[in-house]
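Whatever order the structure lists them in is the order used to number ligands and atoms, beginning at 1.
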Amino acid sequence: MDRIYLDHNATTPLDARVYEAMAPALRATYGNPSSAHWFGQQARAAIDEAREQVALLLGAAPAEIVFTASGTESDNMALRGAVTAAKAPRRKVVVTAIEHHAVLHVAQALGREGWPVETVRALPGGVVDMDELRAKVDGETALLSMMLANNETGVIQPVAEAAAWAHGRGALVHCDAVQAAGKIPVDAASLGVDLLTISAHKLYGPKGVGAIYVKRGTPLRAFVQGGSQERNRRAGTENVAGIVGMGVAARLAREDLAEDASRLSALRDRLEARLLALPGARRNGDGPRVPNTSNLTFAGVDAHSLLLALDLMGIAVSTGAACSAGGAELSHVLRAMGLSVEDVQASLRFSVGRPTTEGEVERAAAAVAQCIERQKQAFGTGSQGAATGAASPSPR
Ligand SMILES: Cc1ncc(COP(=O)(O)O)c(C=O)c1O
């Protein structure tokens, strides 16, 4: 079966050029980068080169890039590191309701530990409510954390505007740019943020490698301790081959950005136009979006059953954030945008990527139409939850 992968926001395949660079790093560059001898220095040089490439992607200086083990770790580091380094009376953490769990769950944990936490709601189009943000970010705020592009809808957030406001109140700003990097230009300086997260596996790089931009002079407490790696900001022997892969992925993302974006947006728009022509279909997310993402509600359809039916036909899509896709969990992003439980359960995310072709988009659109039709015939139009007998998601 020719499978079609339309879940590039969950993860991307490793680019062949990244693989080619990683293979020798895995085999030959085995020295410990902290060792003073030749073997160690080879590994150190490979990391330095990767750091330069990641810095170039983000418009940063190499010394401002810290490698981590994931986007999740970078998000944890930003929130915990900034809040624990802040000076009283600055204790408050402000996050938006549409952040990834890598931010939201840390904020919730900080809340349980006694830090004041506030959440800014989203408007129905998927953009954060800036009036509420301005009301919540004040002189007692230690950190505002706001993503650049949402992983479920692709909607781009007004981070530069929010950062300017937060800095005016003396707060630090963290931006989760995991879903933006490689899809739209991400320039830490023009966004005006202090901390910014990216992850290699969303950029056709390897899994298990992330990075965080830490603007020079930003107070950040290290929370992985036990070594002086990464200038004492993240202890642990570096994942050399992974970091090399991230460096190449970052260079390719920068070099190919314009071409990828125009090709992917044409594919995404074509897919979306086909799907929106289906009865009861509508899009979630208005305004500027990253070029590859489409989140659609098919009214009256059970999206989980649709996902499984598509999978049987070789087509991979998602019902929301990848981490919650296997579990019975409603998308907090779509709920924050005001969708009813029924509409959330009727929503699918399609995310095209570098390998996607026009033929795949056409086949996928036809398959979705066919599966929806079958579901409606089998269960009538109000078919939610009936088609698989699987446990229905429980709201959180
Ligand atoms: C917006 C966002 N932030 C953070 C992460 C976590 O990145 P990682 O998978 O590298 O831990 C993801 C992954 O889905 C994401 O989409």
Below 4.0 angstrom from a heavy atom of [X], which ligand 1 atoms are there? Numbered from 1 as shown, please.
X      : value
Asp75  : 3 (N), 4 (C)
Ser70  : 10 (O), 11 (O)
Gln179 : 1 (C), 15 (C), 16 (O)
Asn151 : 1 (C), 16 (O)
Ser199 : 8 (P), 10 (O)

Against the six-membered ring of Tyr204, is Arg354 placed for a cation-pi contact (under 6.0 Å from the centre, within 45° of the normal)?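 Yes, a cation-pi geometry.
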Just to be sure I read this right, does ligand 1 sit under 4.0 Å from the backbone of [X], its side chain, both, or neither, counting only heavy atoms?
X      : value
Thr197 : neither
Lys202 : side chain
Met147 : side chain
Thr72  : both

Quick check: are there more than 12 heavy atoms from other residues, nucleotides or ligands sitting under 6.0 Å from CZ of Phe223?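 Above 12, so yes.
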Around Gln41, counting heavy atoms of other residues, nucleotides and ligands shown, do more than 12 lie under 6.0 Å from its CD?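 Correct, the count exceeds 12.
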Between Val178 and ligand 1, does any nitrogen or oxygen pair lie at a separation below 3.5 Å?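 No - when backbone and side-chain N and O of Val178 are compared with those of ligand 1, no distance drops under 3.5 Å.
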Asn9 N/O to ligand 1 N/O under 3.5 Å: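 There is no such contact.
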Looking only at heavy atoms of Glu99, does any of them come nearer than 4.0 Å to an atom of ligand 1?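 False for this residue.
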Can you label the angle between the His105 ring and the His101 ring as parallel, tilted or perpendicular, going by 30° and 60°?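 Correct class here is parallel.
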When you check the side-chain N and O atoms of His8 and Ser351, is any donor under 3.5 Å from an acceptor?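 The answer is no; no qualifying pair exists.
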Side chains of Glu49 and Gln53: any donor to acceptor distance under 3.5 Å?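 Side chains of Gln53 and Glu49: no pair found under 3.5 Å.
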Yes or no on side chain to side chain contact (heavy atoms under 4.5 Å, CB included) for Val214 and His174, after CA distance, side-chain angles and deciding distance? CA-CA 9 Å; Val214 184; His174 165 244; over 6 Å; no
Applying the side chain to side chain donor-acceptor pair (under 3.5 Å) test to Asn284, which of Asn150, Asn295, Thr153 qualifies?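 Exactly one candidate clears the test, Asn295.
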Counting heavy atoms only, which of His201, His100, Lys207 is nearest atom 9 (O) of ligand 1?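 The nearest heavy atom belongs to His201.
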Carefully, step by step, assess Thr119 and Thr96 under the rule side chain to side chain contact (heavy atoms under 4.5 Å, CB included). CA-CA 5 Å; Thr119 306; Thr96 87; 5.9 Å; no
